[in-house]
Amino acid sequence: MISITPIEIFSDNYVWLITHSNNTACVVDPGDAAPVLRVLKEQGLTLTAILITHHHWDHTGGIDDLVKQYPNVSVYGPQSPEIPQITHIQSNSSAINLFGDTSLCLEVIEVPGHTSEHIAYYGHYQTGLDSTQQAILFSGDTLFAGGCGRLLGGTAEELLSSLKTLAKLPANTLVYCTHEYTLANLAFATAVEPNNTHITQRITLESEKRKNAKPTLPSSIAIEQETNPFLRCTQPEITESINKHWRQTWQEEQELFTALRRWKDDF
């Protein structure tokens, strides 16, 4: 009943298109309306909902044009004066019955750090005729494949707390972030943790996808736990790398995370 596919916009953004078998659809973080409208028309879909994770223009820039074409669309997102188009303000633990049935129900998780108002959407959908459920997460710019967002309004303390919350989701949760940053993030991960063979193997796999013009996404919580340095900053090799890079002797998780984020900013 449910399928999730990427719509490429700009140089490295993805708008996630969630479609229902009844030919209705939702999009996540539509920074540009034109590609979305084209895909909706090509596939004969009616847009019924828009999910917004945070206020940055490359996630919200297409809202107005989409609403003009679909005036009854529901726009879900965090409370922010910079997103006046939101019709359904969301906060922690809010529930969204996305298509009006039980096919995809989403829970809102507040994940400040990248921005102060950032939220993520977590839920399950049935993958086939049996009762198998797939867990999914639309993480915006908080948790990336192999990395995390910069601090652009929130604090390092908030971002670490948000990432720890997301890291506790079931290991098989598919992670749909909104940028194709994976290989760049993994290059940094290799510099931080050079002896992690999971990272080496992942780089080979993801590089092959990009050679064939395929997205590296979705990731999964399990993969991120193995290869994302921002979820692993207290691992001995990473701690040693951080302290060597900054010529410090930090041991507390918050200090290490903050230093790791600063290192990535200049990498």
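All values below come from the heavy atoms of this structure, side chains included, with hydrogens, waters and symmetry mates left out.
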Checking side-chain polar atoms at under 3.5 Å, does [X] have a donor or acceptor matched by the opposite partner on [Y]?
X      : Y      : answer
Asp141 : His59  : yes
Asp64  : Gln85  : yes
Gln235 : Thr239 : no
Glu224 : Ser219 : yes
Thr19  : Ser3   : yes
Glu117 : His55  : yes
Asn196 : His198 : no
Ser80  : Glu82  : no

Return yes if some donor-acceptor pair links the side-chain N/O of [X] with the main-chain N/O of [Y] below 3.5 Å, else return no.
X      : Y      : result
Thr53  : Gly140 : no
Thr173 : Leu169 : no
Thr87  : Val75  : yes
Ser162 : Pro112 : yes
Glu237 : Asn195 : yes
Ser220 : Ile223 : yes
Gln90  : Ala120 : no
Asn185 : Ala145 : yes
Ser161 : Glu158 : no
Arg232 : Thr227 : no

(request) For residues His56 and His114, establish whether the separation of their ring centroids is below 6.0 Å. (result)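 That pair passes the under 6.0 Å test.
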
(message) For Tyr121 together with Trp16, are the ring centres under 6.0 Å from each other?
(response)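 Between Trp16 and Tyr121, the centre distance exceeds or equals 6.0 Å.
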
Which heavy-atom pair separates [X] from [Y] by the least distance, and what is that distance?
X      : Y      : value
Pro78  : Ile83  : CG-CD1, 4.2 Å
Ser103 : Tyr125 : O-CB, 3.4 Å
Asn92  : Glu110 : OD1-N, 2.8 Å
Phe267 : Ala191 : CE1-CB, 3.8 Å
Ala49  : Val73  : N-CG2, 3.4 Å
Gly149 : Arg261 : O-NH1, 3.2 Å

Going from [atom1] on [X] to [atom2] on [Y], what distance comes out if it is rounded to the nearest 0.5 angstrom?
X      : Y      : atom1 : atom2 : value
Ile199 : Thr204 : CD1   : OG1   : 12.0 Å
Asp29  : Ile7   : CG    : CD1   : 12.0 Å
Ile96  : Ser74  : CD1   : OG    : 9.5 Å
Asn22  : Asp101 : CG    : CG    : 7.0 Å
Ile242 : Arg262 : CD1   : CZ    : 11.0 Å
Ser91  : Ile109 : OG    : CD1   : 12.5 Å

Tell me whether [Y] is reachable from [X] by hopping between hydrophobic residues (I, L, V, M, F, W, Y) whose side-chain heavy atoms are closer than 4.5 Å.
X      : Y     : answer
Val36  : Trp57 : yes
Leu47  : Val28 : no
Phe99  : Val39 : no
Phe138 : Ile2  : yes
Leu98  : Leu66 : no

If you define the side chain from C-beta out and look only at heavy atoms, does anything of [X] sit under 4.5 Å from [Y]?
X      : Y      : result
Tyr176 : Pro6   : no
Leu37  : Lys41  : no
Leu166 : Val111 : yes
Leu174 : Leu137 : no
Ile136 : Tyr122 : no
Trp250 : Leu256 : yes
Leu143 : Cys148 : no
Met1   : His20  : yes

(request) I would like to know whether Tyr76 and Val108 meet side-chain contact (heavy atoms from CB on, under 4.5 Å); could you show each step before the answer? (result) CA-CA 10 Å; Tyr76 299 90; Val108 173; over 6 Å; no

(request) Determine, stepwise, if the pair Leu159 / Leu151 fulfils side-chain contact (heavy atoms from CB on, under 4.5 Å). (result) CA-CA 8 Å; Leu159 185 55; Leu151 299 173; 3.8 Å; yes

(request) Kindly assign one of parallel, tilted or perpendicular to the pair Tyr181 and His179, based on the angle between their ring planes and the thresholds 30° and 60°. (result)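 It falls in the parallel class, under 30°.
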
(message) Can you classify the ring geometry of Phe230 versus Phe188 as parallel (below 30°), tilted (30 to 60°) or perpendicular (above 60°)?
(response)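 Parallel, since the angle between the ring planes stays under 30°.
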
(request) Show your working on side-chain contact (heavy atoms from CB on, under 4.5 Å) between Asn23 and Thr46 and close with a plain yes or no. (result) CA-CA 6 Å; Asn23 294 323; Thr46 299; over 6 Å; no

(message) Taking salt bridge (charged side-chain N to carboxylate O under 4.0 Å, His left out) as the cut-off, I'd like each qualifying pair that reaches into residues 210-220, sequence neighbours left out, listed once.
(response)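 Qualifying pairs: Glu180-Arg210.
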
(request) Give a yes or no on this: more than 12 heavy atoms of other residues, nucleotides or ligands lie within 6.0 Å of atom CD of Gln248. (result)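 More than 12 heavy atoms, drawn from other residues, nucleotides or ligands, come within 6.0 Å of this atom.
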
(request) Kindly check if the number of other-residue, nucleotide or ligand heavy atoms within 6.0 Å of CD (Gln43) is above 12? (result)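 Enclosed.
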
(request) Please report the C-alpha distance between Tyr70 and Thr48 in whole Å, then the side-chain angles of each, then the deciding distance to 0.1 Å, and finally whether the side-chain contact (heavy atoms from CB on, under 4.5 Å) criterion is met. (result) CA-CA 8 Å; Tyr70 299 93; Thr48 58; over 6 Å; no

(request) Determine the sole option in Ile9, Asp58, Ile52 for which the side chain to side chain contact (heavy atoms under 4.5 Å, CB included) test with Pro30 is passed. (result)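 Answer after filtering Ile9, Asp58, Ile52: Ile52.
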
